[in-house]
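Beneath this line is the structure, given in structure tokens, with notes to follow.
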Protein chains: 2
Amino acid sequence: MGITKTQMFNSDQNELAIIFKVLAHPARIAILQHISDQKACICNDIVTEIGLAQPTISQHLKELKSIELIKGEIEGKKVCYCINLEKWKEVQVLMNSFFDKAKLNCC
Amino acid sequence: MGITKTQMFNSDQNELAIIFKVLAHPARIAILQHISDQKACICNDIVTEIGLAQPTISQHLKELKSIELIKGEIEGKKVCYCINLEKWKEVQVLMNSFFDKAKLNCC
DNA sequence: TTTATATATTGCAATATTACGATAATAAAG
DNA sequence: CTTTATTATCGTAATATTGCAATATATAAA
């Protein structure tokens with residue numbers, strides 16, 4: 001159907017999946033790299049750096065904001081986006097705790 | 001368009017995005033947890049545990065196999081899936097190196 | 001060989017995502 | 001107030017994903 005049966009899974013599984021989904025696009029990876037490299041944090045500069053249309057970048061930024069990986073500060077008519085380090089670390093811990101649980105005890 | 005402009009991004013960005021995309025579904029998170037918890041590694045047991053239809057689970061397993069996070073061993077008429085620990089750790093390292101690069105040097 | 005069991009593949013309907021043009025909203029500059 | 005610059009939102013076309021019924025494939029059991 002194209003619709004994920006969210007109700008069949010627990011909230012941890014759904015939360016992790018949502019985080020992974022936000023990260024599951026090369027443009028969003030690139031945006032995060034540009035922001036954290038300080039190459040560009042102003043929306044329009046990111047548009048120039050990456051080369052997708054402005055509405056497309058704006059949409060990607062919105063998705064990154066939706067899980068609070070970045071925050072946008074309004075500076076006059078520009079918006080400066082930066083990494084939300086608190087959430088950033090939280091996400092990293094979450095992923096690592098998922099990965100650390102895997103054991104090699106299979107058949 | 002719905003099509004990702006892969007050619008605009010470098011191979012690291014695309015590789016990371018593909019890995020995140022495979023992980024971006026609660027059913028696939030659940031499957032990995034079941035396998036690594038040893039609750040179920042036989043395909044049909046996973047179907048019973050999770051409650052999605054057999055073809056659906058089979059498709060999710062295929063996607064997990066596509067990036068080699070799991071491998072499936074044929075045991076008679078059954079297939080035992082287990083975590084590919086080598087790739088598993090490789091993916092974890094890749095993610096951490098991405099997350100470790102973020103700095104708080106923004107405006 | 002026939003039947004039962006386990007998994008994979010195909011085809012399709014429902015829904016989601018990606019990208020962008022057009023346009024709205026907002027704020028600084030003139 | 002008007003213009004310009006920057007970002008967000010809306011609408012929409014193209015494509016991708018999800019889930020499952022039907023079916024194919026493969027092995028074991030009878």
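All of these numbers come straight from a predicted model, not from anything done at the bench. All chains are named by letter (A, B, ...) in the order of the sequence lines, taking the proteins before the strands, and each is independently numbered beginning at 1.
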Give a yes or no on this: more than 12 heavy atoms of other residues, nucleotides or ligands lie within 6.0 Å of atom CD1 of Ile74(B).
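It does not: Ile74(B) CD1 has 12 such atoms or fewer within range.
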Which residues in residues 56-70 of chain A have at least one heavy atom lying under 4.0 Å from any atom of DNA chain D?
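Ser58(A), Lys62(A), Lys65(A), in order of number.
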Atom [atom1] of [X] and atom [atom2] of [N]: how far apart are they, to the nearest Å?
X        : N       : atom1 : atom2 : value
Ile50(B) : dG19(D) : CD1   : P     : 10 Å
Phe20(A) : dT17(C) : CZ    : P     : 17 Å
Glu75(A) : dA27(C) : CD    : C1'   : 13 Å
His25(A) : dT18(C) : NE2   : P     : 5 Å
Ile3(B)  : dC20(C) : CD1   : P     : 11 Å
Glu73(B) : dT27(D) : CD    : P     : 15 Å
Lys5(B)  : dA14(D) : NZ    : C1'   : 12 Å
Ile42(A) : dT6(D)  : CD1   : P     : 10 Å

Least distance between heavy atoms, Ser36(A) atom then Ile83(A) atom:
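Between these two residues, the closest heavy atoms are CB-CG1, 3.9 Å.
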For Phe98(B), check ring-ring contact (aromatic ring centres under 6.0 Å, His included) against everything at least two apart and list the hits.
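Phe98(B) satisfies ring-ring contact (aromatic ring centres under 6.0 Å, His included) with Trp88(A) once adjacent residues are dropped.
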Could I get the full list of salt bridge (Lys or Arg N to Asp or Glu O under 4.0 Å) partners for Lys62(B), not counting sequence neighbours?
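Expected list: none.
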Partners passing salt bridge (Lys or Arg N to Asp or Glu O under 4.0 Å) against Glu68(B) (at least two apart in sequence or in another chain):
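Per chain and number, Glu68(B) pairs via salt bridge (Lys or Arg N to Asp or Glu O under 4.0 Å) with no residue.
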Can you tabulate the close N/O pairs, meaning under 3.5 Å, that link protein atoms to atoms of nucleotides 23-26 of chain C?
none

Relative to the 5' end of DNA chain C, which residue comes earlier, Pro55(A) or Cys43(B), by the nucleotide with the nearest heavy atom?
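So the residue in question is Cys43(B).
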Return each pair, listed once, that meets side chain to side chain donor-acceptor pair (under 3.5 Å) where at least one residue sits in residues 50-59 of chain B; pairs must be two or more places apart or across chains.
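Not a single pair qualifies under side chain to side chain donor-acceptor pair (under 3.5 Å).
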Approximate separation, where rounding is to 0.5 Å, of Ile29(A) CD1 and Leu23(A) CG
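Going from CD1 on Ile29(A) over to CG on Leu23(A), the span is 5.5 Å.
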Any Lys21(A) side-chain nitrogen or oxygen under 4.0 Å from OP1 or OP2 of dT17(C)
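Affirmative; the distance criterion is met.
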Is the distance from OP1 or OP2 of dT6(D) to the nearest side-chain N or O of Tyr81(A) less than 4.0 Å?
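Looking at the OP1 and OP2 atoms of dT6(D), neither is under 4.0 Å from any side-chain N or O of Tyr81(A).
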Given dT6(D), dT7(C), dC20(D), identify the nucleotide with an atom nearest to the side chain of Asn44(B).
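Looking only at heavy atoms from C-beta outward on Asn44(B), the closest nucleotide is dT7(C).
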Hey, is the main chain of Val22(B) close enough, under 3.5 Å, to the side chain of Arg28(B) for a donor-acceptor pair?
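Between the backbone of Val22(B) and the side chain of Arg28(B) there is a qualifying donor-acceptor contact (under 3.5 Å).
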So His60(A) and His25(A), would you call those rings parallel, tilted or perpendicular, with 30° and 60° as cut-offs?
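Taking His25(A) first and then His60(A), their aromatic rings sit tilted (interplane angle of 30° to 60°).
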5'-most by nearest nucleotide on DNA chain D - Gly76(B) or Arg28(B):
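Comparing both residues, the 5'-ward one is Arg28(B).
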